[in-house]
Amino acid sequence: MKKLCRILALAFIMLFMFSVGAQAASAPYTTYTYDINENVLPSPHAYVPDKKVTNFDMNMDTPLKDPRDIFVDDNHNIYIADKGNARVVVCNSEFVYQFEITSFVNSEGVPDALADPQGLFVTDEYIYVCDTSKARVVVFTLDGDFVKIIYSPDAEIMGTDTSFQPVSIAVDKAGRMYIVSSQTYSGIFSYDEDGNFESFIGSQKTAVSWIIKLRRFFFPNSVIDEDVTIGYNRCTVDENGFVWATVDTSQDSNIFEDAIRSFDEDFAPIKRLNVSGSDVMLRSGFAMPAGELSFMSSNFGGTGVSQLADIALGPNGMWAVIDSTRSRTYVYDQNGVLLFAFGDVGTQLGNLSRAAAITFFDSDIYILDSDKNAVTIYKRTEYGDLINQALYDDIKRNYEEAQYDWEQILKYNVNCDSAYVGVGKNLMRNGKYDASLEYFKSAYDTTDYYDAYKQVRKQWISKWIWVVPIIIIVLVVLLVKGLKYVSKRNTEGATKTGKRTFGEEIMFGFHIITHPFDGFWDLKHEKRGSVRGGLFWLAMATLTCVYQTVGASWMYNPGKDTANPFYLMATVLVPVILFIVGNWCLTTLFDGEGTFKDIFITTSYSLVPFVILGIPSTLLTNILTADEVAIVTLLQSIALIWVGFLLFFGIMTTHGYSTGKNFLMVLATIIAMIFIAFIVMLFSNLVTRMVSFVGEIITEISYRSY
């Protein structure tokens, strides 16, 4: 029986691998997600190309020419804004041509025609067409009969720096219209159902480059270019009336690169706006929804942030954006977590030249290619069906079924973050908080991890509440006794003559932090410290910096597992060395009494507060919740301020400066640190180039010798 089970299991695995391989072979692109370090993680195909629809498939004589938008209405009719032919093409659900909208008689009784249709939206009653070059939105019935034209607001409302060139429109259930205008930076136009302008919503914050900020600092009265304001590319609206929009990232890619890396939601490339224009998008993943994350990798379709040409809303909270630069599609769940990305530039079926628009049609995805003048249809795979079913069960609160769905997805793809979150949430609902933590950690989901951790800590406290006061009492007693011992040894050391022991030199650091003026005087003149004592405290500060990362709780520092310990050590050693060298160079010229050795000892002993507060604050991160992390931040801030205070007065005592002169010298030291770092970087770059040049010469000679 066991042998039969093994044979069946092996057969199942082989069948599974065959099916995955067959799916992989049916798509000319890679489907993937990302980890927290922006490394690409392969994923099974959720969508594979089925066919490419051209004018021949539509039974249409005139081929599409530079089409810009596609829409599928509730009756499964398909609409295409064919910009190059100045028309809107209407097809049935099978992509068979029905009719087109080109010319019409306007409300003045004058023959008129579309000139530049670039965006459209269809409701139960009307077809809305953005006729961009004519600065208007033309409304038709579902049969193609003219209804009305919506023009630009009055000049007083628009202002001198705003133009009306509609390229995208979305209409909610109440008939309210939201219009994205090219080269308009005041936000998205909002019109009521009668076509009256109401307001601008979602106006972006002004982005000021660092160069302009620097010029303003040094030349506040100079005339400079206007600040960069950001416009939108496309928009759509969901059933709850929220407007989803993609931002024009081409205006200043540096701003968006910084925003994506720092998770700055003010400059998020994708926004979900409520009626008042506030961004309410959920961004629960470890990365902001922004399309490509490896935007500096030439291996993934060129450099730069994604140029998001369109956005589409799918079933069960799924939504997707397309990158016109890479012709790639990025699909997210309702929480803003990347489910998968697929697509590429190319000529094979499934690859595109320039993705212009995207829409969902039942379980399929339609993507409009404005260069190939065709629509590519992508079919959902078994893996995609599983994701869709899991999202559906989550929304319908079928939690047991959802748990099973997510577990099945993990069998397909161990890199699916949404699956880890889904399993973790269901475990949490069943009271299995400890088990859920590992799943949330796998997806870098700090929000749900925090909720589960609170329950874990609550259970621990309720079980071991009697232990807490004992631990506190023991720690307080040990602390008091330790301080008394250190104080006693330092008092004895004040009258001691002769060479100090290593232990006495170390413990003198505790005297300095509470008696800085006397302490630094004794440190220099009474020789109560030494180079070896300074090395000890410098080493302890360096190890403390490392421990603050690797010893902190995962909730406080999710990226600690990938931290580079040598880089962490350099964050302490490099500034300390630069400060010592810079201060010694300057004080040698400006009558400083301290030697290089004195400066090193003083600087090293000034780091004591960083050690004595840094370690306990890091330990606290493993006990406190996210709401209480402010305590840790406070302790770390006190430590840094304390170090700065000791360093300032320590240097002043060492060199015999007045307060004012010492302030100037410390400021000059900081400038010297920057200058030295610049020289070192310049020299390193020069050496690197020289080595590279010599290497190229050697390579050239070796090839010529053959």
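Values below: every heavy atom of this structure, side chains too, minus hydrogens, waters and symmetry copies.
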Can a donor-acceptor pair be found between the side chains of S324 and Q307 at a distance below 3.5 Å?
no

From C235 atom SG to I169 atom CD1, the distance as rounded to the nearest 0.5 Å
7.5 Å

Is any side-chain heavy atom of S294 less than 4.5 Å from a side-chain heavy atom of Y32?
no

Can you tell whether the side chains of R328 and D344 come within less than 4.0 Å, N to carboxylate O?
yes

Here's a test for you: under side chain to side chain contact (heavy atoms under 4.5 Å, CB included), which of T376, I377, V375 qualifies with K52?
T376

After noting the C-alpha distance and the side-chain angles of Y47 and Y378, does the key distance pass the ring pair (Phe, Tyr, Trp, His ring centres under 6.0 Å) rule?
CA-CA 6 Å; Y47 279 87; Y378 297 84; 7.5 Å; no

Any donor-acceptor pair under 3.5 Å from D82 side chain to L64 backbone
no

Give, for atom CG of N240 and atom NZ of K173, the distance between the pair rounded to the nearest 0.5 Å.
7.0 Å

Cut-off 3.5 Å, side chains only: do D394 and W406 have a donor facing an acceptor?
yes

Say whether, by atom type as modelled, one donor and one acceptor occur between the side chain of D264 and the main chain of D266 under 3.5 angstrom.
yes

Just verifying a value: how many Å separate I409 CD1 and N413 CG, rounded to the nearest 0.5 Å?
9.0 Å

For F200, which of F189, Y232, F164 qualifies under ring-ring contact (aromatic ring centres under 6.0 Å, His included)?
F189

Value for CG (N106) from CG (D112), rounded to nearest 0.5 Å, stands at 5.0 Å

Can you confirm if the aromatic rings of F140 and Y79 lie within a centre distance of less than 6.0 Å?
no

Ion pair check, K425 and D445, cut-off under 4.0 Å:
no

Exercise: identify the closest heavy-atom pair between S107 and F146:
N-CE2, 3.3 Å

S370-R354 side chain donor-acceptor pair, cut-off 3.5 Å:
yes

T33 backbone acceptor or donor facing S43 side chain under 3.5 Å
no

Point-to-point distance, once rounded to the nearest 0.5 Å, from CG of L114 to CG of N85
11.5 Å

Determine the sole option in Y178, F197, Y151 for which the ring-ring contact (aromatic ring centres under 6.0 Å, His included) test with Y191 is passed.
F197

Walk me through it: do N274 and S276 pass the test side chain to side chain donor-acceptor pair (under 3.5 Å)?
CA-CA 5 Å; N274 59 19; S276 64; 2.8 Å; yes

Test item: N233 side-chain N/O and A309 main-chain N/O as donor-acceptor pair under 3.5 Å
no

Shortest non-hydrogen contact from T359 toward A312
CA-CB, 3.9 Å

Minimum heavy-atom separation for S190 to I201, with atom names?
CB-CG2, 4.3 Å

Quick check, are the ring centers of F340 and H45 under 6.0 angstrom apart?
no

Do the side-chain N and O atoms of N316 and N388 include a donor-acceptor pair separated by under 3.5 angstrom?
yes

For F95 and F361, what are the C-alpha separation, side-chain angles and deciding distance, and is it a ring pair (Phe, Tyr, Trp, His ring centres under 6.0 Å)?
CA-CA 12 Å; F95 260 111; F361 182 16; 8.1 Å; no

Are Y128 and F121 near enough that their ring centres are under 6.0 Å apart?
no

